[in-house]
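Reviewing the structure listed below.
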Amino acid sequence: NREIIAEYLEDEDCELVEAASGEEALGLLGSEHFDAVLLDRMMPGLDGTEVLQQMKKDRRLAEMNSKKKK
């Protein structure tokens, strides 16, 4: 699934950063800024739902999650 989505988004001229596990995703989220985050419910280690729960506990990441379109 990750490869299919990556191919599609590369065609849309998006810069992609991929994580192979939930733990890797959280590490990347803590060290870089992202405009969007796609999570898979079946990730190795922490799954996407668990990553989202961790994001909600982190104030900076929670703000990214709650930004509304104007």
Side-chain angles (χ1 to χ4, degrees):
N1 287 339
R2 196 172 79 207
E3 290 174 11
I4 292 168
I5 292 170
E7 279 185 38
Y8 176 78
L9 292 174
E10 284 175 350
D11 291 344
E12 297 299 317
D13 210 23
C14 295
E15 181 181 344
L16 302 177
V17 177
E18 296 182 51
S21 69
E23 292 85 359
E24 184 181 353
L26 283 172
L28 289 166
L29 288 167
S31 64
E32 298 182 39
H33 170 78
F34 295 94
D35 292 324
V37 177
L38 298 175
L39 298 170
D40 190 334
R41 290 184 7 185
M42 297 178 65
M43 297 170 69
L46 294 174
D47 65 26
T49 302
E50 293 168 317
V51 172
L52 182 58
Q53 289 171 347
Q54 294 296 318
M55 289 175 68
K56 289 179 178 182
K57 291 179 184 178
D58 182 303
R59 193 180 76 146
R60 187 181 66 82
L61 297 177
E63 288 175 3
M64 174 177 39
N65 186 44
S66 65
K67 287 185 180 177
K68 300 197 183 340
K69 292 182 180 181
K70 293 181 179 182

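Residues: numbered from 1 along the sequence shown.
- Hydrophobic clustering of Ile, Leu, Val, Met, Phe, Trp and Tyr side chains at less than 4.5 Å, counting indirect connections, keeps Val51 apart from Met42.
- Here the CG atom belonging to Leu26 is positioned 8.5 Å from the OG atom belonging to Ser21, to the nearest 0.5 angstrom.
- By the 6.0 Å contact criterion, CD on Glu12 is enclosed, its count of non-hydrogen atoms from other residues, nucleotides or ligands being greater than 12.
- Clustering ILVMFWY residues whenever any of their side-chain heavy atoms sit less than 4.5 angstrom apart, transitively, puts Leu29 in the very cluster that holds Val17.
- Leu38 is linked by a side chain to side chain contact (heavy atoms under 4.5 Å, CB included) to Ile5, Leu9, counting only residues two or more places apart in sequence or in another chain.
- Taking both residues in full, the closest heavy atoms of Phe34 and Leu28 are given as CE1-O, 3.5 Å, listed atom of the first, atom of the second, then distance.
- Going from atom CG of Leu46 over to atom CG of Leu52 covers 12.0 Å, rounded to the nearest 0.5 Å.
- Glu7 places no side-chain N or O within donor-acceptor distance of the main-chain N or O of Ile4, the cut-off being under 3.5 Å.
- For Asp47 against Arg41, the heavy-atom pair with the smallest separation is CB-O, 3.1 Å.
- The minimum heavy-atom distance between Met43 and Ala25, with the atom names listed, is CE-CB, 4.3 Å.
- The minimum heavy-atom distance linking Glu18 with Glu24 is given by the pair O-OE2, 3.8 Å.
- The heavy-atom pair separating Arg60 from Glu32 by the smallest distance is NH1-O, 4.1 Å.
- Sparse packing is recorded around CD of Glu15, with 12 or fewer heavy atoms of other residues, nucleotides or ligands lying under 6.0 Å away.
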